[in-house]
Structure formats: C-alpha cells, structure tokens
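One structure is given below, encoded as structure tokens.
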Amino acid sequence: MALSFCGSNKCISNESISNKCVNAYSVDEGVLNNGCFVDALNLVPHVFLLFITFPILFIGWGSQSSKVQIHHNTWLHFPGHNLRWILTFSLLFVHVCEFAEGIVSNQNMDHLHLYMPAFMGFIAATTSVVYYHNIETSNFPKLLLVLFIYWVLAFITKSIKLWKYAEYNVGPQYLRFCITALLVILYALLMAVEMNVIRVRKYVFFTNPPKVKPPEDLQDLGVRFLQPFVNLLSKATYWWMNPLIIGAHKRPIELKKIGKLPIAMRALTNYLRLKDAYEDQRVTEDPCRPPSIWRSMYRAFGRPILLSSTFRYLADLLGFAGPLCILGIVKHLKDVYFGVHFMSSSMLLQNTSVLAVLLFLALVLQRTFLQASYYVTIETGINLRGALLAMIYNKILRLSTSNMSMGEMTLGQINNLVAIETNQLMWFLFLCPNLWAMPVQIVMGVILLYYFLGFSALVGASVIVLLAPIQYLVATKLADTQKSTLEYSTDRLKKTTEILKGIKLLKLYAWENIFCDSVEETRGKELTSLKTFALYTSISIFMNTAIPIAAVLVTFVMHHLIDKTDPSPSEAFAALALFHILVTPLFLLSTVVRFAVKALVSLNVLSALNGSSYFSVFVQVANGFFTWGSNLSTLSDINIRIPTGQLTMIVGQVGCGKSSLLLAMLGEMQTIEGSLPTVHVGMICKNRHSVAYAAQKSWLLNATVEENITFGSPFSKQRYKAVIDACSLQPDIDLLPFGDQTEIGERGINLSGGQRQRICVARALYQNTNIVFLDDPFSALDIHLSDHLMQEGILKFLEDDKRTVVLVTHKLQYLIHADWIIAMKDGSVLREGTLKDIQTHDIELYDHWKTLMNKQDQDLEKDSQTTLERKTLRRAFYSREAKSQIDDEDEGKRFLVVTINSPSSPQVCWCYLSSGGYFMVFLMVFSKLLKHSVIVAIDYWLALWTSSKTSGTSPTDSISSSRTTLTSETLVDEQDSYYLPVFIILCAAGITLCLITSLSVEFLGLSAATSLHHNLLNKIIHAPIRCTHTNTHTHTECIDLRFLCVTVQVTNYLNWVVRNLADLEVQMSAVKKVKSFLSTESENYEGSMDTSQVPENWPQDGEIKIQDLCARYDPMLKPVLKHVNAYIKPGQKVGICGRTGSGKSSLSLAFFNMVDIFEGKIVIDGIDICKLPLQTLRSRLSIILQDPVLFSGSIRFNLDPERTCSDDRLWEALEIAQLKNMVKALPGGIDAVVTEGGENFSVGQRQLFCLARAFVRKSSIFIMDEATASIDMATENILQKVVMTAFADRTVVTIAHRVHTILTADLVIVMKRGNILEYDRPETLLEQADGMFASFVKADM
C-alpha cells in the first residue's frame, strides 16, 4: 500500500464513535480535531530549527573546521550546562520511544504522521545539542536565541497535542499520552534553562552583558587534562582523550605531552581542602576532643562519593533489565481515537523488537553510569591519597629528629605510611559505593528471584545469607594476617634499605652473605604469614565464586522437590541471569569488608601520626635538659642565649653534644625540663620563615642544582649568583653537562662530598630567613674552599644581611671571627662568651685551643680544579647505562624525556609465571579453563532440562517413533532421573574447581614472588659495586600477590578487559624491572684458587707488591689506574695522597678486587689477589671508609656481625677508638641499641665506631680512607698516636686528604691522573722543593 502522511480513508469503529468512513484529511470537525493535522503542527518547530541552524553549522563553522581547531581555552560552559545535556538526552530517549510507539501503532504501515514527527524531533534534538556545543566552544551566546525560540514553539505545539488528548479522554493509560506529557515537561524545562542563560549572561534584552573569562585552568596552556571542562557527552565517553590515545598508539607518550593537572585535582588543593575540614572540627566541635580524619574525609570528599553512589544505584537498577526482558513477550492490542491509533502503556513493552532495542539502550546506560561511578570514585580516591600524602609529608618534615633517632619512627614505617596506608584508604574509597549499593542489589535480586521461582528462591538466597558471616570472618582473619605480614615487611624493608645503603662496606668486609641471611630470615617469617594470607584469600575467592553455583543448585533442586515441577525456560534463565548479577556484590562483599577493616587500621595509624606536635625554634635556653627519647639526658643543664644578628660558634670534642645542641634549639630533641622561650615557625618576620639549616650529613633532592639551592623559594637571579659565588660553586657548575640545570642523582652520588656539602650550605644561605644553623659545613672542604666560604659566605653574605648565624665547627682558627662562643663538653656547656672573655677567664681552655690551632690541619686539594676533574665529573654523568635520551626539540637543554614503558613482552609475563613453577602454571591454567567449561556446561544442561519440559521429549527419544509411547508421569520421572543427577554433579564439579583455581592462583603468585625476591636479593647483593650506584631498589613490593587474579577475571567480565589489561601492564612493569636486574652480571666470587689452598693466617706479614696495575670501574670506561708499580714492606706505614680524581680511593678499592683489574696484578704475601675467592680476600683485610655506616641493631652487632670475637676484644677496640667510656655509660653497654643509620650517635661518633670495627678484625693490612674527616683535632691527635702504637706491626695504608696524617709515615705515594708521580719517604720528598708533596706541605705552613 502506498504511503501517505495521513494515510488512506478508513471505516473505523469505537465505543464512542459510530461506524462510519472518514476522510483522512477531513477537517469538518475542526483542524485541531484531526490527529494528522495536530501531528503536522508538531513538525513546524523541528523544521524551523533545522532550517535556521544548518546554514550556521555548515557555513559558519563547517568552512573553518578543517582549517582552524578551536583552542580549549574558549571552552566556557553556559549556566545549566549539565542539566541541558541531561534533558536533551532524555528528550532523545523519549523521541525514540515515541517513534517506536508510532511504528507499532501503524497497523497498515501507511500513516507517516504517527512516527514522522518523532523522527524529525529526534533529528532536531540532535541538531540542537550539536548547535549548542559549537556556540559554547566559540563563546557566542547570542546565537542561543534560536534555541530559545525552538523550545517555545515545541512546548506550544506539544501542549496543544496534549490538550486535544485530554479533550478526547485519552489519559495516562495510553502510552502516547504519557510520551506527549513527558515531551511537554522536557520542552518546558529546556525553555527554563534557556531563560536562565539569558538572565545570567544577559546576551539579549540587556544593554551591558557581563564579560566572562574561561576558568584559570583553561587559560594555562600546560593543562591538558580536560575532563572537568568538556561537555557531558565527552565526559561520559572520554572522547576528548582520543588525540592522546591515538598519539600514544603511534609513539611513546612523553611526560610533557600529558601536561599539568587542573587546579582542583592537584595535591596541594586537596590537601588544603582536607586540612580545612580537619581544622574546622577544632573550632566547631569540642576543643578537647581530637579531630576525626573520618569526618574530615567526609566533609572534604563526601559530595563526589554521593554522586558516584547515585550513578552506581542507577547502573544497578538498569542491570535488572536483562532478567525482566526475558519474560516480556506477549500479545498486544490497540484502540483508535479521532482517526489515530493508540496503544496502552504496557503494550509497547510486550513487543519483542522494542524490548530488544530498550534492552540495548538500558545496557548502554548501565555501563555509562557504572563507568561514571568508577571514574568519580577513582578520581576522588586519587585526590584523597594525594591530600593524605601531602599531610604525611608535611607532618613528617615537622616531626622531631628524636622520633627517628630512637626508632619511634623508622624509614620503613614512613615508607609504609606513604606506600601502604594511603593506598588502603584510596582503595577503600574506590569500593565505597559498593557498601550501600550491594545490599540494594542483593535485596532486589532476591525479590525478583522469589517472583520468578517462589519459595525455592528464598532457600537459595538463604545459602548466601548463611555464608555471609563466614565471609566476614575470613575477611577479618585476612586483615589480622595482613597486619602481621606488614610488620615483617617493614622489618625486611628496613634491612634491605640498610643493605643497599651500606653495600660498599658489606662487600669490603665480606659481610654480604651475613646480611643477606638476615633478610632471608625475616623474609621467611613474612612468607609464613603470606602463606596464611594466601590461604584465607583463596577461601575468600572460592566462596565468592562458589556461592552462586551453590545457590543455583539449591534453588533448582528445592524447586523440584517442593513444587514437584521444573521452571519454564524463561523463568530458569531469568533466575540464572539474576544469580549472575548477584555474583558481583557477592564477589565484592568480602573485599569491601576487608578494605573497610584495613581503612580503619590505616586511619588509626594516620591519627597517631597526626597527634604529634609541630616544632618550634629555641633561641634561648634556661636550665634545659634534653634527650633523644631515653630516660638519660643527652644534654644537661643548658643555659645559653644566641645573640640576634651575630655569629655564634659551637665547638668541642666528638660526642660532646654540639650537633645535639643545634638540634635541641631546632626543637628536634625531647625536652625533659627547662625554660624555653620559643620562636614559632613563620612568626619571626613578616616576609621570612624561621630558620635555615645545613646538616653535617649533606642531603640533596633528586632534582637540578638550581632547584636544590632555591628549595622552593622564589628565584632571584642576583641573590642566586651571590650565593653561588659565596660557596665557590661556579667552577663546579661549569663542569656539569647542563650547568645548574643538571639533575643530580639520588643522594647526590654523582657529586663529591665537598660539592654536596657546598650545595647544602648554598641552600641555607639562599633561604630568606632570620636564623641560619650550619652544622660543621667545612668537614668535607679543603682549606681554600673553607676560607672562601667563611669569608664570602658567612662573614660577608650572612652578617651583612644582619642574620643570626649559629655555626658548629672543628676549625678553631675561625674563632677569631665569632661574636659569641659556646664550648661544649660531655653534654654540657663548658664555657660561653666572647673569645676575649674566654681568654681572660679560662686561660687553660684558651691555651688548649691555641695549641690545636697551631696544628690545624688543612686540606690537600686546591680550589683550582684540573682538567682531569672535569673529565671525571663528566664521565660520572655520561657513563650511566640508565641515562635518558635528550629530546630532539630541547637538545642542549636540561630536560630529559621520560617515556612510558612500552607494553611488556610475553617473555616478561612468562618470566613471572615460570618463577612460580611449571606445575603451578599448568594447574592454574588447566583448572581455570576447566572451571569455566563446567560453568558453561551447567547453563547448557539447565537449558536442555527446562526446554525438555516444554517439548515433552527426553534426549533418549531420538529412537524410532514405533517405540511404545510412555505416559506423561513416566516421561517426567525418566527426565528427572536423567537431568537432576547430572545437574548436581556439574554443580559439585564447578564448586570443587572454584576451590582448586583459587588455591592455584594465590599460591602461584606467592611462589613467584618468593622466587623473584630471593633471586633479586642475591643478584643485587653480589652485583659489582658500580651497579649499586644507580637507583637500585627491590620491586617485588610492587608484584602484588593478587595481580594474577586480575588477569583471569578477563574471562568473567568483558567490561573489565581493557582495565584489567592496563592493570596487568602496570604490575608487569615491576616484573620487567626485576627481570632487568636479574640479568645483571654478578661478581666472580669463586676465583681460580680453592679456599683450602689459602693459608689460614694469610696475610701474615702484610707485604704488598703492585706490578704494572691497570684498573677501571667498567669495561666501557677509561682506566682509573694506569701502570701503577709499588712495593710496600711488611709493617710499613704508607700514606697515599693526590688531588681529586688522582686515583687514591681507586687504588684502595683495587686491594679488595672491587674494580676491574684488566692488566697487571697485586700480590699480597705471595698470592695474586685476583686468583683468590672474593669472600676469602675481603674477609682477611680491614678498611675504614670516608662515610661512616652503622646498621640498626646493637653495638656488638655493628662491630662483630659474625659473632666470632670475645667481649675483651670488642672493649679493646672501643678503647682504641676513644669510645670505651661513652659506651659503658649507655644502657646495655656493648649491647646498647643502635637505631637505623646510627642516628642516635653523632657523625663523629659513628666514624669512631667504624674505626673500632676495623680494629676488631686484626688483619695485618689496615687501610684508612679519610677516616678522620668528621673528628675534632684533639681526638684525631690521640687517635693517630694510638693507631701508630696499636698497629706498630701491621701494614697501614692511609688515603690522605689532610697532609698532617701522613707526615710521620714510612712511605708516601703521590698520585696524579691514575699514575704514581712521587714515591719515597716523606723526608726525601720534602727535599724536592718543586715537588708536589712539598707544595702540599708548604700550603699547610
């Protein structure tokens, strides 16, 4: 039949209308009484909009779209932006329903007016949103007037249609009336939105419209994260990320391409938001009650969580569309009014085609809402973690040093706070919407199950309810187990960190296996706890996957037993779909509970941290007693004042309390008693902070030289240059590859000690503060640099700026510059006053100082650097294997490209899996495949079972029809006896396989982590020393034991495939790093000689022959020692000196075979050291390094970790090192506690402990590498005499950085550029007036 807009003439019949034939175009009863003309009238607004907007869209913007891309800084949302998009999407959905209703109502397929207006309305609504988007991106609101007119016209025409329906008594029982009413409401709301835009923006009807600027973020060209600023459709689909994704597919992503975050998403913004919420509780609530972090989190981040929960509710409700649609196929009827066909409101949902379309739309909306919920929670969780990290960093930086030195807060605990506790809270926030979404989902699912299957569904649901307490019990056990695991992990992490920091010492003393065993012992305890954790996790996963199968089994068996019938296919599969929907809340139930418990524990930890107080700065102390946390006073009866705007010097012997006094004034020690007038942070001066501090042990950021000096303060070129000159850093900066824009490695390992120290002093000088504390800033500097820093930096730069300076020093020659002097002894103030006061009132002390000043040691190195130093420093940068490539666009600049790792190869995945064992891999894969096969078989068998009831045939009825027909009862019994047992067997097999797969996955992950950690630890600890100079750290922490579960979930939920693959990629990057470390070549520990061939007392004499020695740090690098020849007699005292980079320290390392000896040899007591096993060689020699290294434990452990020495021998070593009296005074004596890094002792005391450690090992060869740098002159003089006496019969090789230490040596070796320049007795060398050694000595006179 031919189509026409109003259709053909028809004879209609209805209760209210007599039988008659009507012309479809007749208007005899009025135009508006003809349904066709009413529908035609509704076409007018749509045609108007299309006629007006198409020229603007295609001519105005279309001509420029291919040429000009509108910049994102013009994206300015008009008022009601999100509401407009929501209303427009609702309008589109209603138009789709209207179109579907028109199609179904059109019986003869010839009435275009039933669906044509709906189709045109859909096109117009789509056009309106495209038109609005273009107007918004161009910020030209005057063109919105077209949309306002359209909404008004559409509202009027639809209102007329609704009025006519009401006139003909067409009410809500008919679907078309409902659709028309919804359209009227939507057009009215859109009209109101448009009026609000006019009211706010005043683009028409007003004379002076306001000028509105884009948000501050969009004015920053560096902000490329546009999620908060794009339109709602782009937000929902993440369409704005397409350029980034396409670009990442073509080439690796560069960090600068990602850009900056918007202000609202930055850590500082979120930290201030959390802090304000925290501080508000102090004001508004009980001041005696400590603020709650829970409440702070809710107030700061509660709104987005509520929004996410709303999205989650909508998604969960839409998720039930699938089961409901299965039962929605029935016949439908129609009625006719004023020549137009009508359908009841329920009839449309009974059409299979319409149901399919609506089901598709429902699933699309469900996934959209679900992803929106995920996004909001993930973003909020990340924002919360950023805020908490900022809070932790801010708090830790303000905690007193006593917390660290006494072990109350260790590095491992801080790492756990940063890496674990905040992560637990973030994950809890990720899962937070499930807390209230899951109960609703479960209740609705049970109600629908009851609707489908009756009482048997409640029996199946009871399985879930009864097993819920067991799941909770397992979750709490998991939390307890994780807590104990965390304690072991913290201990292991602390030990591993100490090993990595002191790896050089461990190798030189051949103690790497001892410390490795210690880590392995702790790792064993951790693994025992992890096995328990894996078991509970397996049970949790097993229950989550097996409960749905058990519920299905119980439900259908009970349905068969109670009702004596089996469900229809539609009921069965609707119920099955519901059980599958219930899998997600059941799976997440124990996980959410577990993370909730973890979050509570984490919050308790954070609350404890947050309860400690901020530090204050003391500039005057009366009757002060201070401690590092024990009951003993470290500083006693302190009565001092620091003169404002003057230079105060603190002097005294090692361990007398100089650094402690400085830290006590900084508020870093615990005050036992005393009157302490404080200067609070930020209260000293309006434009200044309180204090600048340069520690004795230099500390650098992993950043550029400039960033290390400015340290977050505003950059001032003039001030920066003055500081650089004052610290004599310009020559060093000129040597760096990118000048002061060169990035310094972690802990400054690519700089010398003097360079690190001067950068730290420069940082203190640059800060705009009233008070400057400097703790022994000259210890690593030569005399020329020390004088320059004193004159230009302290006396000129600081004093001219009228700043209060407190200086701890051993350089007594600088006392003449002090305005005030504080002399310390045994933790108390010995004398206080000016130098003249001390000279007058304490002549003995003054004379002692004068004697020491006459013997003042001076550094050997000159301030002028050689060409060799420049090459050495450049080599330190350019020889690194991990050096990043220079960006082509920024070549010559400091910026380095940081690229996101390319996808991990299958070899990396196989490396991880194979680490767990081939059998476990096979078991995991096979059981997983078999489990899912059984689950599919359960569904298939259920389909056969239920469909057999409908067809009335059994699967055995394929035989000839000539067989005698069974009665219906017999047939039912036969089918039940066939289907039911198989169904039970399949479900039981599925439950069993769930247990096997969960166990195999967890224990495969545990086995892989165990193997990788063991191999990685042994590989790193036995790697060449050059490998430990890179940023080496164990990455097994990143290999989550559960990450494998993420990969296997791919088969369960297609929606999670991309996300799980991304998570897998992230986790595999850790495995990739571990794999790269495992490929590192280890040192050759074996040697060519067997240990049994080496005499037990070797080396007995201490004779050393160096024959044509050539050595390098790596085969790819140039030699550091070139054809060195020397002979050291047994018992000789040898001093080796030379400028920086001359090869002194390299020669000392060569004695221990720590460098690559590629030519020549070193023979000790007749044995070539390259032939010896490394363990044997290094265990027979003794060395003291420049940087003191102590390990957490006891003093006994630090002196003798092998536990082979008697107490008498240990006390003898402590006495030689001038530590006996101090150790005796400690609680526990020789078993007194040493905290992490030896922080409970001064740097000088740590150096003396290292000396005692070397004395304990009574080797005939003793090497000292600038071992007295941090010791005062008086102690050093005593120590030198004791060493000469105690080691009279031993060969002592001193790497001298200060000339007076080797003037009494038997032999002096002067090195230059890896060669021996001078070699003789010191008296002979001094006779050579133009010699280098003589020039060194002259510089000391």
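S1206 and D1208 are not linked by any side-chain donor-acceptor pair at a separation below 3.5 angstrom, with hydrogens and angles left out of the test. Using modelled atom types and a 3.5 Å distance limit, the side chains of S484 and S529 yield a donor-acceptor pair. Using modelled atom types and a 3.5 Å distance limit, the side chains of E526 and S489 yield a donor-acceptor pair. With 3.5 Å as the limit, one finds a donor-acceptor pair spanning the side chains of S659 and D775.
With salt bridges taken as basic N to acidic carboxylate O contacts below 4.0 Å, one links E1083 and R1178. For E521 and K495, the salt-bridge test fails: no basic side-chain N is under 4.0 Å from an acidic carboxylate O.
Around the CD atom of E1202, the shell of radius 6.0 Å holds more than 12 heavy atoms that belong to other residues, nucleotides or ligands. Within 6.0 Å of the NZ atom in K697, the count of heavy atoms belonging to other residues, nucleotides or ligands does not exceed 12. In this structure, K531 places its NZ atom where only 12 or fewer heavy-atom neighbours from other residues, nucleotides or ligands lie under 6.0 Å away. At most 12 heavy atoms of other shown residues, nucleotides or ligands fall within 6.0 angstrom of atom CG in D826. In N1221, the CG atom is not crowded: 12 or fewer heavy atoms of neighbouring residues, nucleotides or ligands sit closer than 6.0 Å.
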Side chain to side chain contact (heavy atoms under 4.5 Å, CB included) for I1106 and I1316? Distances and angles first, verdict last. CA-CA 11 Å; I1106 305 174; I1316 293 181; over 6 Å; no

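Between F1262 and F1255, the two ring planes are tilted [angle within 30° to 60°].
Ring centers of F1197 and F515: under 6.0 Å apart, within the cut-off.
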